[in-house]
Structures are given as C-alpha cells and as structure tokens.
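One structure is given here, and the rest of the page talks about it.
A quick note: this is a predicted structure, and the numbers were derived from the prediction, not measured.
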Amino acid sequence: MKQQQDYIRDISEIRSMMERSTKFLSLSGWAGIMAGVYALAGAYIAYAVFDFSPRKVVYNPLGRMHINKDFIGLMLVAAAVLLLAIGTAWFFSNKKAKKKNEKLWNATSRRLMINMGVPLVAGGLFVLILAAKGLIGLVAPATLIFYGLSLYIASRYTYEDVKILGLVQVMLGLVAALYIGYGLLFWALGFGVGHIIYGIYIHYKYER
C-alpha cells in the first residue's frame, strides 16, 4: 500500500515538473484584476471626459463613420490603459516567478508571447486601418475579437482557464459588432468586468 502511494506521489511530481516546463504558470490574478480596473477607468474617461459614444457615430453615403471628438486623446487613453496593464502584469508575474525561484523570461514565456503576439499585432493593424477609414464604431468589436483569439491560443501555454476568458471576449466582440451603438459598453464588460472576474477566479484557484 505504501509503495502504491509513493508511486502515485512520484507520478504527480513528474507531472508537475513537466507542466512547469511546458506552461507559463506565473500569471497573476491581481494583474487581471488591475487590468480590469484600468479598462473601466479608461472607458469612463472616454465617455465622461471626451464624450465618446459609438451611438454618436454617423454613417455617411460611402458607408464610413466619423465622430466629432478628439480621437488622438482617446488613443492616448487607450495607450495608457495598455501600458499600465502590461506593466502591472509584468510586476506581479515577476514577483510570483521569484517566489517559485523561476525566471519570468524563459522558453515557455517566449512561446506564449509569440503565439499571443500574432493575433494581437494583426488586430492592432486592423484597428488602425478601421480608424484610418473612419470606421470608428467597429474598433471596440475588433479589439475584443482579436484579443479573445489571442487568449484562446495562449491557453495552450498557460492556465487552461484562459481559454474561457478568450471565448467570452470573442462572443462580446461579435455582439458588439451587431450593436455598434453600445460598443463602449461591451468593451468595458470585456476588458473591465471580464478581467476582474477572471483575476479573482485565478487568485482564489491558484494563488491561495
């Protein structure tokens, strides 16, 4: 009986070692929570300060859209939210990796970044094209969809639970494309509320 228990324990340890070598497990729940807070703050600033609302998007005869607000200011807010989220993710992930005596930047994290980067870069370029063509109302749906796809791919290299968040983002993006007038609301739900719920879940499941 004791030999059987030792055998099971050895298998569990080997499985754990293999998982650590193939998956990036330094993602922090707190990073997700803070990213959600930043997104909600950014959405509030876009709405309250810049008076941005996809409802005000106007279609012209060519099918393009335009909005009479400071688009550069909105892009700066979006960039600030992105930089804060990335910086916070790096801080908490690095802290978590040090506790495990692991390096944050290794072969596994490189694979994660490369595979996430493809849909993120493609999505970023697509959003710039939409903005250049005046299709502002489709920016929020596009960012949700491409970000969701990147998370779905990333789930192969980190927690499997990330796949669920990715699917939720894609679903919200598709619905936002149907209801362009509520694009900012769906964006806040996806990047804000979605990240906060995900962060709390990851924290209680893996970090306590």
Please round to the nearest 0.5 Å and tell me the distance separating atom CG of Leu189 and atom CG of Leu144. 9.0 Å

Enumerate donor-acceptor pairs with a distance under 3.5 Å from any side-chain N or O in residues 31-43 to protein atoms, sequence neighbours excluded.
unit_1 : atom_1 : unit_2 : atom_2 : d
Tyr38  : OH     : Thr88  : OG1    : 2.9

Residues Gly137 and Ile180: closest non-hydrogen pair is O-CG2, 3.5 Å

So the salt bridge (Lys or Arg N to Asp or Glu O under 4.0 Å) pairs with at least one residue in residues 162-176 (sequence neighbours excluded) are Glu160-Lys163

Whether Phe191 and Trp187 hold their rings parallel, tilted or perpendicular, with breakpoints at 30° and 60°: tilted

Connected via hydrophobic side-chain network under 4.5 Å: Trp30 and Val81: yes

What residues form a side chain to side chain donor-acceptor pair (under 3.5 Å) with Tyr201, not counting sequence neighbours? Asp161, Lys205

Between the side chain of Gln169 and the main-chain N/O of Tyr147, is any donor-acceptor distance below 3.5 Å? no

Does Val168 reach the side chain of Tyr198, with side-chain heavy atoms less than 4.5 Å apart? no

Under 4.5 Å between side-chain heavy atoms, hopping through other hydrophobics if needed: is there a path connecting Val77 to Leu83? no

From Ile164 CD1 over to Tyr152 OH, what is the distance, rounded to the nearest 0.5 angstrom? 11.0 Å

Please enumerate all residues that pass ring-ring contact (aromatic ring centres under 6.0 Å, His included) together with Phe186, with sequence neighbours excluded. none

To the closest 0.5 Å, what do you measure between OG1 (Thr143) and CG (Leu138)? 10.5 Å

Tell me who clusters with Ile86, hydrophobic residues only, linked when side chains sit under 4.5 Å apart either directly or through other members. Leu82

Phe146 and Leu167: same hydrophobic cluster, using ILVMFWY side-chain contacts below 4.5 Å? no

Single-linkage hydrophobic cluster, 4.5 Å side-chain cutoff, Leu84 and Phe91 together: yes

Non-hydrogen atoms of Leu120 and Ser150 that approach each other most closely: CD2-OG, 3.6 Å

Check which hydrophobic residues are tied to Leu149 through side-chain heavy-atom contacts below 4.5 Å, counting indirect links as well, and list them. Ile145, Val170, Leu174

